[in-house]
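Inspection log for the structure reproduced underneath, given as structure tokens.
Nothing fancy with the numbering, it's 1 onward along the sequence. Only this structure's heavy atoms are used, side chains among them; waters, hydrogens and symmetry mates stay out.
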Amino acid sequence: MRAWLFPALLLWCLAAAGGAQGGERPRLVAFAQDTLANDYRLAQVRALVEAFNRQPGVNFVFSDAQGETARQVADVEDFVARGVDVLIVSPRDSRALAPVLAKAYRQGIPVVLLMRRVEGDAYTTWVGPDDGQIGAAAAAFIAAELQGRGTVLVLQGIPGASTSQMRTAAFVEALRRHPGLRLHSIRPANYLRADAVKAVEEALEEGRPFDAIYAQSDSMASGARLALRKHGIDPGRLVIVGIDYIREARQAIADGEQRASFTYPLSTEATARVVRDILAGRPVPRRVVVPSQLVTRQGSARQEPVF
């Protein structure tokens with residue numbers, strides 16, 4: 001199997017391989033992750049390793065598709081060939097991953113979708129925050145901050161990922177309720193700082209002003225601030241809203257350089273509970289929604305960051 005594991009994470013992964021109880025075969029749980037180059041996705045893998053380390057009799061393994069859809073498909077195929085007992089996937093592309101996941105599901109392998117969805121219904125359960133609700137709430141917050149008038153630049157995540165699609169569609173739909181607000185553009189930045197820097201620089205070079213930035217991750221919001229400062233613009237002059245609520249976002253909100261963020265829990269504890277129930281033969285819900293909340297400067301001192 002191609003597992004492209006970071007050395008330290010590999011050690012954690014091996015440590016998480018719980019011994020079988022009473023001579024029973026350890027249950028194999030596999031996670032086909034999109035990328036470990038994204039700090040949020042890396043934190044998610046680390047948290048799953050810790051969660052499964054507390055479940056005896058479970059061997060947990062994971063892979064890093066390095067942000068490549070074809071590689072993630074191959075990772076899933078490798079895990080299926082190994083005869084995994086439960087397959088966890090955070091699909092980079094909702095359409096491209098659907099056939100291989102459907103094949104695994106129809107072979108009797110429980111498929112747990114972590115945050116991102118796939119086209120069709122060939123999966124066991126989905127776990128994560130409500131991206132549509134977050135997108136709509138972000139539009140309402142920006143509208144209030146701009147008093148109903150202004151232009152918004154959208155930094156979109158991975159275009160093929162369901163999280164990006166839902167966060168964008170709900171935001172655009174909610175924005176229509178405010179005639180004084182205009183959409184500057186929707187620019188893919190793939191949840192990465194460097195891509196966000198490039199996207200904001202391109203927008204600035206076009207010469208069309210914008211009053212707010214809706215960044216679909218706080219990593220992209222961080223990249224946006226870097227680009228603004230590079231062009232001599234104080235990030236505090238704009239309404240910048242992110243998603244995830246990582247430590248960088250907490251500090252930026254406290255410093256007045258980011259107006260708000262939405263918590264986006266790693267959802268790993270909920271995922272581990274679902275997997276435990278599946279392995280025990282208990283029924284699981286089709287949809288497990290993990291709560292998210294808006295964090296502004298007023299509440300940032302009390303709200304712990306996701307990581």
Side-chain angles (χ1 to χ4, degrees), residues 129-157 163-164 166-189 191 193 196-197 199-204 206-264 291-306:
D130 189 328
D131 291 287
Q133 185 179 67
I134 292 171
F141 178 83
I142 290 174
E145 291 293 298
L146 293 179
Q147 299 182 339
R149 299 185 64 83
T151 303
V152 185
L153 170 65
V154 176
L155 295 179
Q156 188 183 41
T163 48
S164 306
M166 296 177 73
R167 292 174 188 181
T168 302
F171 182 86
V172 172
E173 178 63 29
L175 212 64
R176 293 195 181 103
R177 303 182 195 131
H178 306 278
L181 290 179
R182 300 181 306 280
L183 194 63
H184 177 280
S185 57
I186 300 173
R187 296 173 185 261
Y191 297 126
R193 288 174 181 78
V197 170
V200 172
E201 286 184 338
E202 289 174 349
L204 291 170
E206 289 178 2
R208 293 186 295 126
F210 46 88
D211 307 291
I213 297 176
Y214 166 46
Q216 292 179 1
S217 78
D218 283 324
S219 295
M220 294 191 293
S222 178
R225 292 192 298 273
L226 288 171
L228 291 171
R229 284 193 288 266
K230 181 178 177 180
H231 286 257
I233 301 171
D234 177 9
R237 288 171 43 198
L238 280 71
V239 176
I240 301 177
V241 176
I243 300 172
D244 291 341
Y245 193 57
I246 59 178
R247 287 188 180 87
E248 284 179 72
R250 185 190 203 185
Q251 189 62 52
I253 292 170
D255 293 343
E257 293 191 337
Q258 181 169 323
R259 205 67 59 94
S261 180
F262 288 85
T263 61
Y264 203 74
S292 169
Q293 66 182 74
L294 173 69
V295 182
T296 62
R297 193 172 190 177
Q298 184 177 6
S300 62
R302 298 186 302 273
Q303 180 66 45
E304 287 297 315
V306 173

Check: Crowded around Arg247 CZ? As in, over 12 foreign heavy atoms under 6.0 Å?
Finding: no
Next item on the list: Please assess Glu304 against Arg250 for the test side chain to side chain contact (heavy atoms under 4.5 Å, CB included), listing each intermediate value before the final yes or no.
Entry: CA-CA 8 Å; Glu304 287 297 315; Arg250 185 190 203 185; 3.7 Å; yes
Notebook entry, point to check: So do the side chains of Ser261 and Ile253 get within less than 4.5 Å of each other, counting heavy atoms only?
Noted result: yes
Check: How many angstroms lie between CG in Leu228 and CD1 in Ile213, if you round to the nearest 0.5 Å?
Finding: 4.5 Å
Check: Roughly how far apart are Phe141 CZ and Arg259 CZ, rounded to 0.5 Å?
Finding: 6.5 Å
Notebook entry, point to check: How long is the span from the CZ atom in Arg176 to the CG atom in Leu181, to the nearest 0.5 Å?
Noted result: 13.0 Å
Next item on the list: Look at the side chain of Tyr264 and the backbone N and O of Ile134, then say whether any donor-acceptor pair between them is shorter than 3.5 Å.
Entry: no
Check: Once you round to the nearest 0.5 Å, how far does CG of Leu155 lie from OH of Tyr214?
Finding: 10.5 Å
Checklist line | Closest approach of Ala203 to Phe210 (non-hydrogen atoms, all atoms of both residues) | finding: CB-CE2, 4.0 Å
Check: Can you tell me how far the CG atom of Asp244 sits from the OG atom of Ser292, to the nearest 0.5 Å?
Finding: 9.5 Å
Next item on the list: Ignoring hydrogens and angles, tell me if any N or O in the side chain of Thr263 forms a donor-acceptor pair with the backbone of Tyr245 under 3.5 Å.
Entry: no
Margin query: Rounded to the nearest 0.5 Å, what separates atom CG in Asp218 from atom CD in Gln258?
Written below: 5.0 Å
Next item on the list: Might you point out which heavy atoms bring Ile233 and Arg237 nearest each other, and give the distance in Å?
Entry: CG2-NH1, 4.1 Å
Note to self: Are there over 12 heavy-atom neighbours, none belonging to Gln303, within less than 6.0 Å of that residue's CD?
What the structure shows: yes
Next item on the list: Might you point out which heavy atoms bring Ala221 and Ile240 nearest each other, and give the distance in Å?
Entry: CB-CG2, 4.1 Å
Next item on the list: For residues Ile186 and Val172, determine if any side-chain heavy atom of one lies less than 4.5 Å from a side-chain heavy atom of the other.
Entry: yes
Check: Of all heavy-atom pairs between Gly157 and Gln216, which one has the smallest distance, and what is that distance?
Finding: N-OE1, 3.1 Å
Next item on the list: State whether the side chain of Arg208 and the backbone N or O of His184 hold a donor-acceptor pair below 3.5 Å, judged by distance alone.
Entry: yes
Margin query: If you compare all heavy atoms of Arg225 against all heavy atoms of Pro235, which two are closest, and at what distance to 0.1 Å?
Written below: CG-CB, 3.9 Å
Check: Can you name the closest pair of heavy atoms from Gln156 and Met220 and give their distance?
Finding: O-SD, 3.5 Å
